[in-house]
Chemist: 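Structure provided below as structure tokens; questions to follow.
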Amino acid sequence: MPVARPEPQEPRVIAHVDMDCFYVQVEQRRNPELRGQPTAVVQYNDWKGGGLIAVSYEARGFGVKRSMRGDEAKRVCPGINLVQVPVARGKADLNLYRSAGSEVVAILASKGKCERASIDEVYLDLTDAAKEMLLQAPPDSPEGIFMEAAKSNILGLPSSDASEKEKNVRAWLCRPDADYEDKLLACGAIIVAQLRVRVLEETQFTCSAGIAHNKMLAKLVSGMHKPAQQTVVPSSSVQGFLASLPVKKMKQLGGKLGSSLQDDLGVETIGDLLSFAEEKLQEQYGVNTGTWLWKIARGISGEEVEDRLLPKSHGCGKTFPGPKALKNSASVKSWLDQLCEELSERIQSDLNQNKRIAQTLTLHARASKENERDSTKKFPSKSCPLRYGTGKIQEDAMKLFESGLHEFLESQNTGWSITSLSVTASKIFDIPSGTSSILRYIKGPSSAASPAIPDSSSVPDDPSLDNNVHVTPIHEEQCEPSISEKEDGKRYSSISAKQCPANEEKRIPKKLPEVKGTSSILKFLSRGQSALHEKRKSDVLICSPQGPGSSSEANKAEEHNVSGQAADRSNINSGGEPSGSNPWLFNVEDIDPAVVEELPLEIQREIQGWIRPSKEPSTKRRGSTISSYFPPARS
DNA sequence: TTGGGTTTAGGA
DNA sequence: GTCCTAAAC
């Protein structure tokens with residue numbers, strides 16, 4: 001349910017930028033012969049020609065719709081070019097479009113706060129830039145307005161023909177007698193026009209945009225004049241605009257809530273909402289949603305533009321419709337392996353390129369039982385701490401699946417079939433710059449010179465340091481946690497030394513001190529050059545993923561692993577290596593527990609306080625202090 | 001076979 | 001914290 005946010009007092013300048021039929025444009029850049037032609041991007045094509053996921057404006061002219069199949073599109077537009085989404089590991093591979101989206105974001109983020117809203121949309125908060133322009137170089141003459149800005153659409157600005165429209169727009173954009181708000185908006189429109197031109201020049205992609213005083217209005221109009229145009233919403237035109245806007249067009253009202261508004265309250269347009277008291281809306285939809293509805297009817301939306309250029313999670317999934325449904329563990333496993341392979345690759349590049357670590361692995365599935373059409377029961381999603389390494393992710397995902405399947409079947413002996421599978425990596429945190437690896441903490445700065453693929457023998461102890469933990473890199477399948485099934489069905493992971501050949505000589509930790517209830521741990525430790533209490537800080541990052549079975553309440557996980565990662569190494573696994581071989585990720589099972597016990601008490605206490613961050617860090621500052629990233633440990 | 005694959009958000 | 005649903009593109 002939507003929630004109203006407190007709105008800032010000062011007027012803001014917010015833009016929503018939306019790429020025009022983005023996937024098509026990406027394909028047209030790859031193959032310029034497709035430019036100007038009716039084109040659509042389809043994924044898969046064996047069944048009815050594949051599903052359309054993007055349609056060029058030329059094809060739309062023929063009546064081609066996104067809801068169509070390839071065959072249908074061919075029927076209404078025989079000349080259409082159907083381009084297939086790349087397939088990797090038996091599933092659609094969207095990486096091409098993701099990276100094209102990043103190119104655009106990189107440009108749009110240059111003028112102010114930028115929020116990646118989806119693969120092809122961003123919000124911008126241009127308030128500061130607009131104020132700056134108003135102060136330093138306000139638009140003053142109609143002729144001085146450059147073309148792209150002059151082609152803007154100003155909501156509520158009347159004009160009879162095209163040439164008069166442009167004249168009026170030019171005049172509006174530099175009206176000396178305008179309100180402060182309108183002047184800011186005019187500057188915003190100019191900035192957005194400049195940005196859109198840059199996007200086109202540097203990526204060959206066109207986009208459309210909305211410019212308004214809040215996200216809601218910017219979003220509502222960004223698609224109003226497409227393609228390759230922008231629309232401005234002056235405050236004076238808001239009420240008139242909303243008065244006739246069908247409720248379903250409003251973001252958040254496209255589904256059940258919007259239907260309920262129509263069916264239960266007889267509300268057809270946003271304007272119709274004005275006749276309902278806030279209290280009335282609250283009793284119908286709850287306090288939060290009620291207030292939200294009351295406000296949007298008045299064009300009020302306090303939602304802020306988040307400063308975030310990267311996605312908050314990574315997921316991959318695939319559906320297995322009808323006859324393709326998976327009916328045994330072996331086929332589930334092989335598909336899960338494929339999905340996990342892709343996921344692993346993606347979180348690995350996120351780590352390498354963006355210095356971010358994901359903490360949670362979640363498995364979703366849809367299932368039905370044999371003989372039971374419309375089995376109401378849902379397949380429960382399951383999650384666990386995310387451990388880096390393709391093999392580990394595959395292993396953990398399969399365990400999650402099995403656990404979900406048990407619950408789904410409720411010990412009935414019926415057959416089942418899986419119609420969709422997906423795995424998601426979430427709770428992603430920045431590794432702040434200036435951190436060094438667990439190696440550096442444990443072994444001192446010299447360890448930075450470790451070989452690309454070190455093993456325990458190549459990382460000799462340094463007797464000059466009082467800390468001498470043995471660390472070996474993760475090798476795929478090298479150290480396998482054994483999962484034991486208890487009577488209650490809960491799983492507990494444990495590790496035995498003999499399963500970990502590289503550590504035969506070492507004692508494997510039965511448990512790492514008091515890392516309880518957590519899935520993964522990110523924690524800085526401070527230490528001085530030689531003495532741990534020295535003021536000078538050289539930060540150490542440690543993250544500690546466990547596996548399935550260790551994340552929930554009654555959990556008595558007996559063992560935990562830690563992986564540390566050298567964030568400040570420039571050549572950190574550059575270029576997306578197979579995840580299992582990142583020499584800068586370590587598992588705690590590879591660390592000699594005796595050494596942990598030998599750590600200074602101060603550090604041992606720190607370790608005992610390790611706990612996953614309870615909330616999103618309060619700020620997104622990079623390189624800030626420990627406490628601002630990680631709230632104080634509880635227990 | 002419900003456009004498929006993702007991503008985000010809020011509430012229980 | 002986990003899991004679910006709604007919604008969007």
Side-chain angles (χ1 to χ4, degrees), chain A residues 1-3 5 16 18-19 21-23 40-55 65-73 85 87 91-95 97-98 101 115-121 219 222-223 248-260 286-289 292 303 306 308 310-325 339 342-343 346 359-364 366 378-385 400 404 407 419-428 516-519 551-555 611-616 634:
Chain A
M1 297 274 129
V3 170
R5 302 278 169 215
H16 179 255
D18 195 315
M19 305 308 292
C21 55
F22 188 48
Y23 291 13
V41 175
V42 295
Q43 54 188 3
Y44 312 125
N45 64 356
D46 54 330
W47 195 72
K48 298 188 176 178
L52 273 55
I53 57 173
V55 180
K65 298 273 179 47
R66 251 208 340 219
S67 58
M68 290 176 174
R69 304 288 179 174
D71 293 349
E72 214 178 338
V85 171
V87 171
K91 65 178 289 298
D93 176 6
L94 304 181
N95 284 329
Y97 313 112
R98 286 192 189 97
E115 173 182 336
R116 184 197 121 124
S118 79
I119 198 167
D120 70 339
E121 279 177 281
K219 164 92 181 164
S222 65
K248 289 270 183 178
K249 299 267 187 187
M250 176 75 65
K251 192 180 165 206
Q252 300 285 9
L253 298 184
K256 297 188 179 183
L257 182 54
S259 299
S260 164
V287 194
N288 287 342
T289 302
W292 179 81
E303 200 188 333
E306 247 184 273
R308 182 175 54 76
L310 298 169
K312 287 186 171 176
S313 65
H314 302 286
C316 10
K318 181 167 174 60
T319 53
F320 307 95
K324 295 212 170 79
L339 294 172
E342 181 187 323
L343 185 65
R346 283 167 57 193
Q359 295 193 96
T360 302
L361 175 71
T362 305
L363 175 127
H364 295 270
R366 293 189 52 179
K378 293 268 195 305
F379 193 101
S381 53
K382 294 286 166 192
S383 50
C384 73
L400 292 175
E407 199 173 316
T419 55
S420 91
L421 276 180
S422 74
V423 285
T424 303
S426 61
K427 297 187 189 148
I428 303 180
K516 58 160 151 291
T518 69
S519 52
S551 56
S552 67
E553 49 325 350
N555 171 5
I611 182 170
R612 81 156 66 196
S614 62
K615 269 190 172 167
E616 165 137 13
R634 47 135 226 233

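Chain identifiers are assigned alphabetically (A, B, ...) following the order of the sequence lines, protein sequences preceding nucleic acid strands; residue numbering begins at 1 within each chain. For the numbers below, each heavy atom of this structure counts, side chains included, while hydrogens, waters and symmetry mates do not.
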Chemist: Do A:Lys382 and A:Pro380 make a side-chain contact, defined as non-hydrogen atoms from C-beta onward lying under 4.5 Å apart?
Modeler: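 With C-beta onward as the side chain, the pair touches.
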Chemist: With DNA chain B as reference, determine whether A:Asp93 or A:Ala54 sits nearer its 5' end, using the nearest nucleotide of each.
Modeler: A:Ala54
Chemist: I need a per-nucleotide contact map over nucleotides 4-9 of chain C, read 5' to 3'. Cutoff is protein heavy atoms under 4.0 Å; write B for the base, S for backbone only, - otherwise.
Modeler: SSSSSS
Chemist: Atom CG of A:Leu400 and atom C1' of C:dT2: how far apart are they, to the nearest Å?
Modeler: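 About 12 Å, once rounded to whole Å.
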Chemist: Can you see if the side chain of A:Arg346 gets near the phosphate of B:dG5 - specifically, an N or O under 4.0 Å from OP1 or OP2?
Modeler: no
Chemist: Could you tell me whether A:Lys219 and A:Glu303 make a salt bridge, using a distance below 4.0 angstrom between a side-chain N and a carboxylate O?
Modeler: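 No, A:Lys219 and A:Glu303 are not salt-bridged.
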Chemist: To the nearest 0.5 Å, what is the distance between CD1 on A:Ile53 and OH on A:Tyr23?
Modeler: 5.0 Å
Chemist: Heavy atoms, side chains only, cut-off 4.5 Å: are A:Phe379 and A:Thr419 in contact?
Modeler: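 Contact flag for A:Phe379/A:Thr419 side chains = no.
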Chemist: As a test of reading the structure: which of C:dC3, B:dG3, B:dT8 is closest to the side chain of A:Ile53, going by heavy atoms?
Modeler: B:dG3
Chemist: Between P on B:dG5 and CD on A:Glu342, what's the gap in Å once rounded to a whole number?
Modeler: 11 Å
Chemist: What is the distance from CD1 of A:Ile428 to C1' of B:dT8, rounded to the nearest Å?
Modeler: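 Nearest whole value for this atom pair: 12 Å.
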Chemist: B:dT6, B:dT1, B:dT8: which one has an atom nearest the side-chain heavy atoms of A:Lys312?
Modeler: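 Given the options B:dT6, B:dT1, B:dT8, the side chain of A:Lys312 is closest to B:dT8.
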Chemist: When the distance from CZ of A:Arg116 to C1' of B:dT6 is rounded to whole Å, what number comes out?
Modeler: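 Those two atoms, CZ and C1', are 9 Å apart.
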Chemist: For the pair made of NZ in A:Lys427 and C1' in B:dA9, what is the distance, rounded to whole Å?
Modeler: 14 Å
Chemist: Is A:Tyr44 reaching over with its side chain to a backbone N or O of A:Ala92, donor-acceptor style, under 3.5 angstrom?
Modeler: yes
Chemist: With respect to the phosphate group of B:dG4, does any side-chain polar atom (N or O) of A:Ser420 fall under 4.0 Å of OP1 or OP2?
Modeler: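 No, outside the criterion.
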Chemist: First locate atom CD of A:Gln43, then atom NZ of A:Lys91, and finally report the distance between them rounded to the nearest 0.5 Å.
Modeler: 9.0 Å
Chemist: Within this structure, what is the CG-CZ distance for the pair A:Asp120 and A:Arg98, rounded to the nearest 0.5 Å?
Modeler: 12.5 Å
Chemist: What is the distance from CH2 of A:Trp292 to P of B:dA9, rounded to the nearest Å?
Modeler: 14 Å
Chemist: Does B:dT8 have OP1 or OP2 under 4.0 Å away from a side-chain N or O of A:Arg308?
Modeler: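 Looking at the OP1 and OP2 atoms of B:dT8, one of them is under 4.0 Å from a side-chain N or O of A:Arg308.
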Chemist: Answer yes or no: does a side-chain N or O of A:Thr319 lie under 4.0 Å from OP1 or OP2 of B:dG5?
Modeler: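 Yes, such a contact exists.
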Chemist: Nearest-nucleotide wise, let me know which of A:Ala117 and A:Thr289 is further upstream toward the 5' end of DNA chain B.
Modeler: A:Ala117
Chemist: Select one nucleotide: of B:dT6, B:dG5, B:dG11, the one nearest the side-chain heavy atoms of A:Gln43.
Modeler: B:dG5
Chemist: Can you check the A:Lys324 NZ to B:dT2 P distance for me, whole Å?
Modeler: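 Checked: the NZ to P distance equals 13 Å.
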Chemist: Is a donor from one side chain sitting under 3.5 angstrom from an acceptor on the other, for A:Ser259 and A:Lys248?
Modeler: yes
Chemist: Pick the C1' atom in C:dA7 and in B:dT2, then give their distance to the nearest Å.
Modeler: 15 Å
Chemist: Rounded to the nearest 0.5 Å, how far apart are OG of A:Ser118 and CG of A:Asp18?
Modeler: 7.0 Å
Chemist: Below 4.0 angstrom from OP1 or OP2 of B:dT1, is there any side-chain N or O of A:Tyr44?
Modeler: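 False: A:Tyr44 side-chain N/O out of range (4.0 Å or more) of B:dT1 OP1/OP2.
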Chemist: Classify the nucleic acid contact of A:Leu94 as base, sugar-phosphate or nothing, counting any heavy atom under 4.0 Å across all strands shown.
Modeler: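 The residue A:Leu94 makes sugar-phosphate contact but no base contact.
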Chemist: Base, sugar-phosphate alone, or nothing: which one does A:Pro323 contact when heavy atoms must sit under 4.0 Å apart?
Modeler: base
Chemist: Can you tell me the distance, in whole Å, between the CG atom of A:Leu363 and the C1' atom of C:dC3?
Modeler: 13 Å
Chemist: I want to check one thing: is the phosphate of B:dT6, taken as OP1 and OP2, less than 4.0 Å away from some side-chain N or O of A:Arg98?
Modeler: yes
Chemist: Among B:dG11, B:dG5, B:dT1, which is the nearest nucleotide to the side chain of A:Ala92?
Modeler: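 Between B:dG11, B:dG5, B:dT1, the one nearest the side chain of A:Ala92 would be B:dG5.
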Chemist: Hey, does A:Lys318 reach any base, or is it just sugar-phosphate, or nothing, if we go heavy atoms under 4.0 Å?
Modeler: sugar-phosphate
Chemist: At 4.0 Å (heavy atoms only), tell me whether A:Phe22 reaches a base, stays on the sugar-phosphate, or touches nothing.
Modeler: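 No contact at all - A:Phe22 keeps every heavy atom at 4.0 Å or more from the nucleic acid.
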